[in-house]
There are 2 protein chains.
Amino acid sequence: MTEENFKKNVAIIGLGLLGASFGMALRGGPYHRLGWNRRPEVNQWALDNDIVDEAHDRVEDVIAKADITILCLPIPMIKEYIVKYASCWRPGSVVTDIGSVKQVIVELGEKYLEPRGVFFVGSHPMAGTEKSGFEAAFPTLYDNAEAFVTRTDTTDPAAFNAVAGLWTCIGVKVVEIKPADHDMLVAHTSHMLHVVASALARAVLDCPDADEKQMRFSGCATGFRDTSRIASSSPRMWREIIENNQDAALSAIASFEKRLHRLRKIIENGEFDEFEQEFAQGKELRDSWVAYKAAKNRKPVK
Amino acid sequence: MTEENFKKNVAIIGLGLLGASFGMALRGGPYHRLGWNRRPEVNQWALDNDIVDEAHDRVEDVIAKADITILCLPIPMIKEYIVKYASCWRPGSVVTDIGSVKQVIVELGEKYLEPRGVFFVGSHPMAGTEKSGFEAAFPTLYDNAEAFVTRTDTTDPAAFNAVAGLWTCIGVKVVEIKPADHDMLVAHTSHMLHVVASALARAVLDCPDADEKQMRFSGCATGFRDTSRIASSSPRMWREIIENNQDAALSAIASFEKRLHRLRKIIENGEFDEFEQEFAQGKELRDSWVAYKAAKNRKPVK
């Protein structure tokens with residue numbers, strides 16, 4: 001108990017896949033874990049399963065005690081809570097989030113919290129599955145992950161370090177980035193992929209003819225399983241992400257469409273030597289990415 | 001040895017990923033396994049590792065002894081061997097293949113072999129990985145797989161059953177199909193996906209700016225890993241497949257482009273309720289496919 005009193009209070013707001021997994025990853029660590037979830041039964045579940053050390057029914061009661069707060073909520077709620085509860089955080093405390101977009105969130109954080117002496121630094125851990133909700137949480141979700149942590153012209157260095165430290169203490173590597181650069185980057189590395197996977201699932205499986213549809217279901221194997229996996233993600237969540245990163249997502253989709261258009265033209269023209277070269281360049285890039293990740297994680301990716 | 005003499009002779013021509021894995025899967029089964037590979041050291045490896053029971057350096061010597069032959073070769077070699085060695089098969093014997101396209105191959109098989117009393121029935125097992133070569137072979141490659149087996153107006157029923165039996169004896173489910181229907185189907189369930197994955201790998205990782213490229217490599221996670229996995233497939237093999245299924249591949253690409261175009265327009269117009277509905281339909285289809293495969297395999301797909 002004495003040792004506990006010296007620990008910093010971290011408030012985990014929202015105990016879904018990312019929030020509950022974060023609580024699990026922090027077990028035995030240097031933080032006293034405060035938790036809050038909209039549904040009281042999830043708070044109880046989190047207490048019963050050593051996901052948080054303390055929980056309260058009112059979010060205000062949790063954030064008022066926090067040295068550092070991590071908003072593990074859907075993007076619209078992150079935006080809403082920053083505004084709605086701005087006066088509840090203690091001056092000097094630090095707030096971060098796990099939202100998949102950063103520019104709109106960091107702008108709100110700086111606008112509403114910093115005048116009150118509360119520091120806001122955005123985070124985006126590159127971790128997740130196509131599932132959601134506390135039932136899907138597991139303690140190794142963040143293993144080998146990286147987290148983007150934002151720095152702007154007005155970011156407080158100590159606050160940045162506090163947020164970076166929260167990630168590094170669960171083994172997540174921190175990558176510093178400007179909010180706008182982050183949004184353009186993840187539009188390419190993630191957001192566009194979800195739009196493509198969704199279009200793929202429809203193009204492959206959505207047949208008006210019932211017999212043909214049955215054959216398509218039967219004919220799909222591991223290639224379809226993997227290329228389309230993220231089409232099984234939450235429609236609500238992906239709507240919120242794309243809605244809050246519209247221009248960058250469109251830019252990334254355009255760059256993909258350009259590449260695909262080129263491959264289609266090559267096939268139409270019967271230029272198969274060219275096709276083989278283009279495919280080889282894609283393979284070389286993807287293989288070098290696999291090697292890069294394997295070297296970084298010191299274990300094979302796939 | 002006596003029992004061995006009653007076994008049918010199966011000739012596995014080509015001991016790469018599919019051929020060698022096929023030999024492994026047939027271990028202890030009701031066939032005497034003859035093998036041939038272009039490289040003699042692979043024949044020896046196959047003998048040493050119980051992948052075949054007998055191997056010869058000359059392909060003619062192997063197919064002359066075969067009751068049933070499976071051509072586990074690249075598509076251009078399947079086409080070449082059917083023509084070149086047509087006179088070497090014994091009348092009454094049955095020939096099949098593992099090529100990813102069927103119409104061009106079945107046409108050649110019927111044209112060159114059937115006048116000599118040799119039966120040709122096309123096969124396409126839905127199994128494989130992004131790797132190739134005998135080193136990548138493993139005995140469970142065909143587990144839970146399905147194989148398309150072709151039937152045309154002239155297919156001999158007994159020959160069809162012989163080929164179907166070869167697959168069912170290693171636990172592969174046989175799906176009967178016409179060659180042209182097969183090619184249009186796999187264009188959608190497989191070939192188009194490889195073109196999309198290759199375009200994705202380029203769109204995500206191919207940056208002229210070195211710093212930006214480094215950030216892209218770092219920023220990619222499991223979503224990219226899975227959507228792009230098959231971009232690491234063999235460029236030569238995929239050139240051969242697309243080259244031999246050009247029209248159907250273009251048709252499948254067009255149906256994907258149509259779906260993607262629609263999603264892009266929805267995002268451009270800011271119609272995010274519509275986006276969420278479209279994404280939900282893709283998720284529902286993909287989830288129902290996962291459930292279908294899980295029920296069929298009696299184990300979870302993912």
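Per chain, numbering begins at 1; letters A, B, ... match sequence-line order.
- Only the side chain of Leu250(A) comes within contact range of chain B, with at least one heavy atom under 4.5 Å from a heavy atom of that chain.
- Chain A is approached within less than 4.5 Å, heavy atom to heavy atom, by Ile177(B), Leu185(B), His188(B) from residues 177-188 of chain B, ordered by number.
- For the pair Ser232(B) and Arg286(A), the tightest heavy-atom approach, listed with the atom from each and the gap, is OG-CD, 2.8 Å.
- In terms of heavy-atom pairs under 4.5 angstrom with chain B, the leader among Gly219(A), Gly282(A), Ala252(A), Pro235(A) is Pro235(A).
- Considering all non-hydrogen atoms of both residues, Ile253(B) and Arg264(A) come closest at CG2-CD, 3.8 Å.
- Annotation: maximal heavy-atom pairing with chain B below 4.5 Å, among Met126(A), Glu257(A), Met237(A), occurs at Glu257(A).
- Qualifying side-chain hydrogen bond (donor to acceptor under 3.5 Å, both in side chains) partners for Thr155(A), counting only residues two or more places apart in sequence or in other chains: Thr152(A).
- Both the backbone and the side chain of Thr222(A) come within contact range of chain B, each with at least one heavy atom under 4.5 Å from a heavy atom of that chain.
- Ring geometry for Phe217(B) against Tyr292(A) counts as perpendicular: the plane angle is over 60°, on a 0 to 90° scale with 30° as the lower cut.
- Proximity of Leu200(B) to Met192(A): side-chain heavy atoms (C-beta onward) are separated by under 4.5 Å at one or more points.
- Between chain B and the options Ala127(A), Ala201(A), Cys220(A), heavy-atom pairs under 4.5 Å are most frequent for Cys220(A).
- When heavy atoms are compared at a cutoff of 4.5 Å, Glu146(B) approaches chain A solely by way of its side chain, counted from C-beta outward.
- Of all residues spanning residues 97-104 of chain A, none has a heavy atom less than 4.5 Å away from chain B's heavy atoms.
- The only option from Glu278(A), Glu276(A), Glu274(A) that meets the salt bridge (charged side-chain N to carboxylate O under 4.0 Å, His left out) definition with Arg239(B) turns out to be Glu276(A).
- Among all heavy-atom pairs drawn from Thr189(B) and Phe224(A), the shortest one is O-CB, 4.2 Å.
- Atom CD of Gln281(B) has more than 12 neighbouring heavy atoms from other residues, nucleotides or ligands inside a 6.0 Å radius.
- Both the backbone and the side chain of Asp273(B) have a heavy atom closer than 4.5 Å to some heavy atom of chain A.
- For Ser218(B), the parts lying near chain A are the backbone and the side chain together; criterion is any non-hydrogen pair under 4.5 Å.
- Taking Asp247(B), Ile242(B), Val175(B) one by one and counting their heavy-atom pairs under 4.5 Å with chain A, the maximum is reached by Ile242(B).
- In this structure, the side chains of Glu268(A) and Gln246(B) stay at 4.5 Å or more apart for every pair of heavy atoms.
- Heavy atoms of Ile267(B) lying under 4.5 Å from chain A belong to its backbone as well as its side chain.
- Among the candidates Met215(B), Glu284(B), His194(B), Glu243(B), the residue making the largest number of heavy-atom pairs closer than 4.5 Å to chain A is Glu243(B).
- In terms of the ring-ring contact (aromatic ring centres under 6.0 Å, His included) criterion, Phe138(A) has no residue partners (sequence neighbours excluded).
- Residue contact with chain A, scored on non-hydrogen atoms closer than 4.5 Å, is absent for Lys173(B).
- For Leu260(B), the parts lying under 4.5 angstrom from a heavy atom of chain A are both the backbone and the side chain.
- Ring geometry, Phe279(A) versus Trp238(B): the interplanar angle falls under 30°, so the pair is classed parallel (tilted spans 30 to 60°).
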